[in-house]
Every structure is written in structure tokens, then in C-alpha cells.
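By convention in this document, chain letters (A, B, ...) are assigned in the order of the sequence lines, proteins followed by strands, and residues within each chain are numbered from 1. Heavy-atom basis, side chains included; hydrogens, waters and symmetry copies ignored.
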Amino acid sequence: MLPTDALATLEGALAAAAVACYPQAPAPDVTFEAPRRPEFGDFSTNVAFSLTKIARRSPQDVARALIDAALAHDAGLRVLFSSIEPMAGFINVRLAPASWHAVLARILREGADFGRGEKTGTRISLEFGSANPTGPLVVVQGRTLSTGDTLAKTLRFRGRDVFVEWIINDAGSQVDTLGRSIYARYRQILDPSYPFPEEGYPGDYLRPIARAIYDRDGEDWVDRDESAWLRHFSKFGRDELVAQQQRTALRFGVHYDLWQSEKEMHDQGRVTAGLQRLIDLGATYEQDGAVFFRATAFGDDKDRAIVRSDGRPTYYAADIAYHYEKLQRADRVIDILGPDHHGYIGRLKGLAAALGYEGKLEVTIAQQITLMRGGEQVSMSKRAGDIITLDDILDEVGVDAARFFFIMLSLDSPLTFDLKLAVEQSAENPVFYVQYGHARIASVLRNADPGDCSEAARTTALDRLDHPAELALARRLAELPGVAEGVAVHLAPHRLARYARDVASDFHQFYTECKVLGDDRELRIARLALCIATKTVLATVLELCGVTAPESM
RNA sequence: GCGGUCGUAGCUCAAUUGGAUAGAGCAACAGGCUACGAACUUGUAGGUUGGGGGUUCGAGUCCCUCCGACCGCACCA
């Protein structure tokens, strides 16, 4: 019997025992969790605490009574569990090894599908990475891209329908600024002293774009007025930079279902439609010829302008329309924003509330990344022109190390990243530890007799696995579905990275203590089966992390 | 000033969302290969969870209040 089924049986028995022993108390909800410390058993429940007040007895006594009653009622529990003990008020249990063997057999049977969730029917809109099309992707986007993509994969793995989107902020004045910047670079090809606009985007990354225009059009634009060239240069730059951003995302292994142009939304009248909805709901007012969203009525700390007094919509207007569309087509809308967007949380949540979708929108901020090089802080401002691009990082440490590194930390936590250290210590990145585990298993399987391997891949004869390291590893592998679900529910991809390390660690320990390819055939097959199951789980986790699972390294 | 995130071992971070003796990795120290990959492993040491109150069987987690860091606070995007 699988651990989950065994636990469900025990939960039912304990709940019944609670009702029998303490009929005056409301029926408690009995749930088992894996305790932090292994010596507390495989699983643990705190149900006794909830009954102490009414029972007027210590949690320890209550726990004892519940166990006795449950065992008296169902003697079969003694077979499923090797121990059921009260300890400090908790009820700690240890499963019979057969349950862990059953999990291994299941992993072998299901392969890459082990841990996959049933379709839930939940539609999720996930937006992350969105940026102005005025420059290459930078380090902080490495964090949102890694996190967002891993979340998308994990949510899908756990049965959600996920729609991944990026919004291109190409409707505002920054695109004109981009056009003027490129034009200056274009003129500088002929005259290096040509002035660069004060508000322009510095750095050298616009020079190749200017060069491309020059190669195609020659000096056609030199003597023209801004009104003639601006549109052209802006659009060319915007298209080129969006394409660059898309290439970088792809290189990073991140796929989008939709790159939504903000300008397109304006052109198609969708922004106006979204605003109209807000106006119809009475959530707006006019002041000095401008239109404001009454955000303070919905928890924001300030009302927000959505239409300027000259009639042009603000950026927020497009945000409103876009989120309105997303809220209509999804059950759960998730935004992962950069660290300079703290002010957005209030207004976006207020917006969802005003539109009648309170609670459906989750806004998460990826905290800041401080980039260091050899102990000195590196400026990452696009303004300063001295930018470290995501591509630079990928060139230095590779996709695998970068992907893993960026999801290792909770989004809530600010992150310090020393480039020099990253290069020097890339071998210390835990991703290599995990990948090594996978490669090591592959090596064992290569050394094994092929006949043994194919038999192990199908076997259910796993009774010989009784070494503590074997059972600990099996128990760890069994956690995969729960870990993945936790990542999906709490939007916490760093748990995958942690879990991957734990699996690898348990494997290395098993490998150190237990010889796989020994003379005892029955034991050899069982241990090979454990290796195969471990390799399967590692491959699944690495896949969710967007990291390759190498056969050798 | 207002708001938003945070503050945990020397460093980088966890802590199953209120559970047990707060855990890992680096770095430090001491061990382990004539065994399937030592890119591994075993152990030691390291803490008043920024300070102080409160809520309760129980607080790193929730509330209040100070201190500190970062980020926002446009009819820019």
C-alpha cells in the first residue's frame, strides 16, 4: 500500500477515535506532515493539541488515548506502520518498509509521469519578465525568467492550464527616446561628435542597430527632420530589441504563449474598452479635465490618473485593460514583477477589487539583485550605460548554472551575486552536485548488466531494501508530488532547488554506504531499481528547473 | 513624510505558512577510496532569529512599537 493510502487509513482511524473518546469536541481534522527531524518519524500529526482544552488533559495523554483507541478498532494498522508513538503531544509514525517499496514500484511504472497531477481545470495567467523594448535583458530579468518559467512548468505538471505572457511596453514616450538615441548613433557613424540626447539610452548596444539602418538606407536620413525619421527609427529599434529579448529568453529556455504589444492594444481599441468598464462601474471621476481611478476606495494609498487632461491615456490605463482581459479569461492571475514595482501591488490589487475579481490577482515582487564583481558593487542601471546583460551572465556561467542559481532563493529574499565568484566557483554551484548525482547513476547503470537493468526497471521485488540509507532515499523520492504541489500553491520554486539537492544528497549517501553492483543478485536488482527511480525523479526535477540532466559530465 | 518588501550561523540562504532541540551549502577544523565516478562522504565547531512588549498549550512566523537596509511614491513608462 502506498504511503498516502496508509496515512489516509490512519487519519480516518484517528479521527474516529477522537469522536469516540471526546464526543463533546468538534470532530478534528487529522492531517499528517513530514516532521523536520527524521528521528520524529516519517510523519507526524498535531491533532492532540486541538483537543487538550476540551479533554482537559495533556496533549501527550490525548495522543496516547487516540492511538490506543485507533489500534483497538483497526488492528491492521500494526501491519501498515512499524511504529505509532506519542511524543511530546505529537503522534509520530513510521511506515512499514513495504509502503516505501510500493512508491518505488510506482515510480518505475510511471517514469517521467511520477508526480504529475490530475487536470484541475484551473486556468492560470502568468506574466513575468515584461520590459521596455529599449535595451537587452539584464540580470534581474534572469531571476524573473527563471522563476516564472519554473513556476509555469510546475503548475502545468500539477495539472493547471497555464498561459504565459509578456507585455511589451511599446506605447509610451520611451520608444521615441529610443528612436532619438538610435538616430544619434546613426549620425555618429559619420560624425563621432554628433551630440547624444541627454535623456537617451546610453551604452553601446544601440550602435549595431544604427549600423544596420545605415547599411540598408545609407545617408538617406541625415538631412531629414525628426518628424520624418523618428517613427522609422523608433519602430526599427523597437522591433530589433524585442527580437533580441525574445532570443535571449529562448536561449534561457523560457517560452511564452504570448508577447503582447501594448501599442497593439491601443490600436485595437482594447485599452478604451477596459477603461470604459471601470467608468461603467463608477470607479472613476474627473478632475481638471483628467480621469482618475478611485483606487483609494479599493485599498491603494493614492488615486491614479488613467486619462490625462489632453485626452491621452496613461500607462496605467493599458495596465487596467490588460489585467481586465486576463482576469476575465483566467481563474488565477499571477504577476511576477521586478523590484522597482513595489508601488504596483496596491494599485493592481485595487484594480482587481474594483473590477469584481478581488483575490484572483496575485502580485509577487522579485527582490533586488545586487551585482558585485570581486567585492565591488557593479552598477546595473540602464541609464549609466554600463549594463551587465543576461547574455553576459549566460556566457560566463552557462544556462544550467544560471537557471538553478536564480531559483535557489525565495523571491522575497534580496540576492547578492558576485560575478567573479560565480566564475571561480561555478563548480560549487549546487546544480553540479545534483547533475553529478544524475550522471553518477547513469554511470552505474552503464556498468551494470543490461539484463539486470531491464529486469530492475520492471521489478516489484524490493523487499531487500531495508538499509536506513535505502529507505531514506525512497522516502525522499516519495516527496516529489507534494513538493511540486507546494511549489504550485505557494509560488515558491526555490523548494524545487532545495529538494533536488536533498535527493542528490540522499543518493550520494546511499551510494557511499550500499554497493549497488554486488554479488547478491536479488539485492543487486533491487538496488538498481532504486537507482533507476532516483534517476527518474532527478530528471523530472531538473526538467522543471529548466536544467539539463546529463548522462555524464 | 506615506507606502511596499525585508532583517535568521563569519558568508549565501532554508524553515512544510502557528509546531518539537531553528536547518542546509560555502568558508574553518578533524577523518574516509587497491569497491560500481572522491565533482563524493563522516564528524566537530558556529545562534538571545535586529531590540522590546503582546496574543496562546506553542511565535523566526501573527499584532503593537522602536532600530536598520532596500525599493516605490508623475496627468513617465
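In the interface, the side chain of A/Ser44 is paired with the base of B/A20 through a donor and an acceptor atom under 3.5 Å apart. Not a single donor-acceptor contact under 3.5 angstrom links the side-chain atoms of A/His508 to the base of B/U41. A donor N or O paired with an acceptor N or O is not found under 3.5 Å between the base of B/G72 and the side-chain atoms of A/Asp340.
The existence of a salt bridge linking A/Arg238 and A/Asp170 is confirmed by a sub-4.0 Å separation between a basic side-chain nitrogen and an acidic carboxylate oxygen. Between A/Lys535 and A/Glu551 there is a salt bridge, since at least one side-chain N of the basic residue sits less than 4.0 Å from a carboxylate O of the acidic one. The pair A/Arg180-A/Glu198 does not count as a salt bridge, with every side-chain nitrogen at least 4.0 angstrom from each carboxylate oxygen. One finds no salt bridge joining A/Arg524 and A/Asp520 here, because no Lys/Arg side-chain nitrogen approaches an Asp/Glu carboxylate oxygen to under 4.0 Å.
Of the candidate nucleotides B/U5, B/C36, B/C13, B/C36 has the atom nearest to the side chain of A/Lys515. When the nucleotides B/A77, B/A20, B/G37 are ranked by their closest atom to the side chain of A/Arg308, B/A77 comes out on top.
A/Arg37 comes within 4.0 angstrom of a nucleotide base, judged by non-hydrogen atoms across all strands. A/Leu409 comes within contact range of the sugar-phosphate backbone alone, with a heavy-atom separation under 4.0 Å but no base atom that close. Across all strands, A/Ser413 comes closer than 4.0 Å only to sugar-phosphate atoms, never to a base (heavy-atom distances). Within the nucleic acid shown, A/Asn92 comes within 4.0 Å of at least one base atom, counting heavy atoms only. Backbone-only contact: A/Gln509 has heavy atoms under 4.0 Å from sugar-phosphate atoms and none from a base. Nucleic acid contact class of A/Ala448 (heavy atoms, under 4.0 Å, all strands): none.
If you take atom C1' in B/C71 and the same atom in B/A24, they sit 29 Å apart, rounded to whole Å.
Where stacking is scored as ring centres under 5.5 Å apart with planes under 30°, A/Phe90 registers as stacked on the base of B/A20. In this structure, A/Tyr315 does not count as stacked on the base of B/C76 under the 5.5 Å centre distance and 30° plane angle limits. Evaluation of A/Phe49 against the base of B/G19 yields no stacking contact (centre distance < 5.5 Å, interplanar angle < 30° required).
The phosphate of B/A15 has OP1 or OP2 within less than 4.0 Å of a side-chain N or O from A/His494. Listed pair A/Tyr433 / B/U41 meets the phosphate criterion, a side-chain N or O lying under 4.0 Å from OP1 or OP2. Not one side-chain nitrogen or oxygen of A/Gln435 sits closer than 4.0 Å to the OP1 or OP2 atom of B/A39. A close approach under 4.0 Å does occur between a side-chain nitrogen or oxygen of A/Ser443 and OP1 or OP2 of B/G37.
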